[in-house]
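Taking it in order: structure first as structure tokens, then the write-up.
Along the sequence shown, residues are numbered consecutively beginning with 1. Atoms considered below: every heavy atom in the structure, side chains included; atoms not considered: hydrogens, waters and symmetry mates.
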Amino acid sequence: MPRVPSTLVVAFFLVVSAFVVSTFVIAGCSQPSRLTLRNARSSPLDLEVAGDLTGLPGGSVRYLTREDLLRLPQVSYTVSDDANFSDPTKISGVSLDELRRKLAASPDSDMVAAICVDRYRASYPRDYISAHHPLLVLLINGQPPERWPRDSAAHGADMAPYVISHARFTPSFKILSHSDEPQIPWGVVRLEFRDEKALLGAIAPRGPQAQEPVVQAGYKIAQQNCFRCHNMGDEGGQKSGRSWTVLTTWAQASPEYFSAYIRDPKSKNPKAEMPAFPTYDDATIAALNAYFRTFASSAASKSAPMEKGIP
């Protein structure tokens with residue numbers, strides 16, 4: 001098979017043994033980087049990639065080995081403001097922007113979503129990537145995943161196979177009392193490359209109040225916050241087990257309960273794992289309530305009981 005010239009920025013498709021493998025040759029280097037996407041997982045440390053992948057049908061799922069990722073351009077930082085680490089920590093890995101440019105079908109319009117082993121989901125819109133330069137971490141203090149420290153912010157959990165962090169995080173926006181928050185998931189097992197407008201459109205406010213400033217403020221906050229653990233159909237995180245419909249029902253049926261749960265979940269359920277947001281002022285809570293209430297008509301036929309014990 002003829003070799004693809006290094007001056008072309010293209011993807012080509014070939015068959016190797018029993019597997020279909022996509023190999024991307026990236027221009028701009030004297031020795032072009034080759035990124036091999038595999039049909040099957042070969043190790044628990046393989047990174048699953050999915051969504052709108054260049055050169056593949058939409059919704060495709062492929063895998064990258066750690067060795068594949070380590071062959072890409074690496075970035076190293078010493079981080080001191082990542083809550084996952086108790087001390088200043090050296091991290092090395094591949095920028096999400098690099099992966100987006102190499103893998104996304106439409107790098108100029110696609111965002112990245114990181115899905116974790118516990119079904120937590122972190123979203124990286126284009127503006128976030130540009131402002132914060134998130135890094136898919138491959139080495140911590142020079143060590144591979146089996147020698148990584150335990151998560152210091154949660155329950156001493158194993159952070160492998162992948163973590164996402166930043167060199168330094170400075171909030172890039174503030175809406176009411178919600179400041180831009182670092183998206184620093186651990187236990188990352190999958191990256192999705194998705195059209196940003198379509199993905200965030202799944203939770204866009206509905207109805208005649210959709211464009212009101214207070215609703216749009218709630219929408220922006222929910223994109224970064226609620227979407228991490230709560231889902232709208234197949235989109236969003238599923239760690240909580242409580243969907244957008246449930247949140248809508250709470251906001252509609254009992255604004256007081258909705259407010260109290262956001263500020264202090266354990267006051268309503270001692271077993272709740274959701275973090276508290278005690279700094280959210282009345283205006284911020286009102287914006288979230290107004291936003292979720294725009295979904296009320298579609299949630300009217302479903303129930304979400306507010307009783308002791310729900311997470």
Side-chain angles (χ1 to χ4, degrees), residues 51 73 75-85 88-89 91-101 103-104 106-116 120-137 153 162-186 188 191-205 210-230 235-237 262 274-281 283-288 290-291:
V75 181
S76 297
Y77 302 116
T78 296
V79 297
S80 57
D81 60 354
D82 186 324
N84 290 322
F85 307 118
T89 301
I91 59 172
S92 302
V94 184
S95 73
L96 290 193
D97 190 47
E98 177 82 11
L99 289 168
R100 184 184 60 169
R101 288 188 290 107
L103 293 175
S106 302
D108 293 336
S109 60
D110 284 358
M111 62 180 289
V112 182
I115 293 84
C116 303
Y120 179 96
R121 181 186 188 107
S123 296
Y124 300 91
R126 289 167 295 150
D127 287 349
Y128 185 99
I129 291 175
S130 296
H132 303 301
H133 312 291
L135 186 74
L136 180 73
V137 177
Y162 297 98
V163 173
I164 295 176
S165 188
H166 314 79
R168 180 184 298 275
F169 187 87
T170 301
S172 62
F173 68 84
K174 185 172 185 178
I175 299 174
L176 301 174
S177 59
H178 172 86
S179 291
D180 185 18
E181 295 181 348
Q183 305 301 299
I184 48 173
W186 46 264
V188 175
L191 293 183
E192 292 184 358
F193 301 87
R194 305 283 301 279
D195 180 88
E196 183 171 323
K197 184 177 180 180
L199 178 56
L200 297 181
I203 58 167
Q211 298 305 315
E212 292 182 1
V214 65
V215 171
Q216 286 294 313
Y219 176 36
K220 182 71 172 180
I221 296 167
Q223 287 178 31
Q224 186 173 79
N225 194 335
C226 313
F227 208 34
R228 293 182 289 194
C229 293
H230 301 277
E235 306 294 3
I262 291 173
M274 174 177 159
F277 295 91
T279 62
Y280 276 12
D281 60 18
T284 304
I285 296 293
L288 284 167
Y291 162 70

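- The shortest heavy-atom contact between Ile262 and Met274 is CA-CE, 3.9 Å.
- Partners of Glu212 by salt bridge (Lys or Arg N to Asp or Glu O under 4.0 Å), not counting sequence neighbours: none found.
- No hydrogens or angles considered: a donor-acceptor pair under 3.5 Å links the side chains of Ser177 and Thr284.
- In this view, Ser179 and Lys174 satisfy the side chain to side chain contact (heavy atoms under 4.5 Å, CB included) rule, not counting sequence neighbours.
- For Thr89, there are no side chain to side chain donor-acceptor pair (under 3.5 Å) partners at least two apart in sequence or on another chain.
- Residue pairs meeting the side-chain hydrogen bond (donor to acceptor under 3.5 Å, both in side chains) criterion with at least one member in residues 213-223: none, sequence neighbours excluded.
- Shown here are the ring-ring contact (aromatic ring centres under 6.0 Å, His included) partners of Phe227, two or more places apart in sequence or in another chain: Trp244.
- Partners of Asp127 according to the side chain to side chain contact (heavy atoms under 4.5 Å, CB included) rule, which considers only residues two or more places apart in sequence or in another chain, do not exist here.
- With sequence neighbours excluded, the residues satisfying side chain to side chain contact (heavy atoms under 4.5 Å, CB included) with Cys116 are Asp118, Tyr120, Pro185, Val188.
- Not counting sequence neighbours, the partners of Asp97 by the salt bridge (Lys or Arg N to Asp or Glu O under 4.0 Å) test are Arg100, Arg101.
- Annotation: ring-ring contact (aromatic ring centres under 6.0 Å, His included) contacts of His178 (sequence neighbours excluded): Tyr280.
- You'll find the side chain of Leu96 reaches within 4.5 Å of the side chain of Leu191, heavy atoms only.
- The minimum heavy-atom distance between Ala113 and Arg121, with the atom names listed, is CB-NH2, 3.5 Å.
- With sequence neighbours excluded, the residues satisfying salt bridge (Lys or Arg N to Asp or Glu O under 4.0 Å) with Arg194 are Glu192, Glu235.
- Heavy-atom minimum distance, Tyr162 versus Val137: CD2-O, 3.6 Å.
- Arg126 is linked by a salt bridge (Lys or Arg N to Asp or Glu O under 4.0 Å) to Glu196, counting only residues two or more places apart in sequence or in another chain.
- The side chain to side chain contact (heavy atoms under 4.5 Å, CB included) search around Ala276 returns Pro265, Pro278, not counting sequence neighbours.
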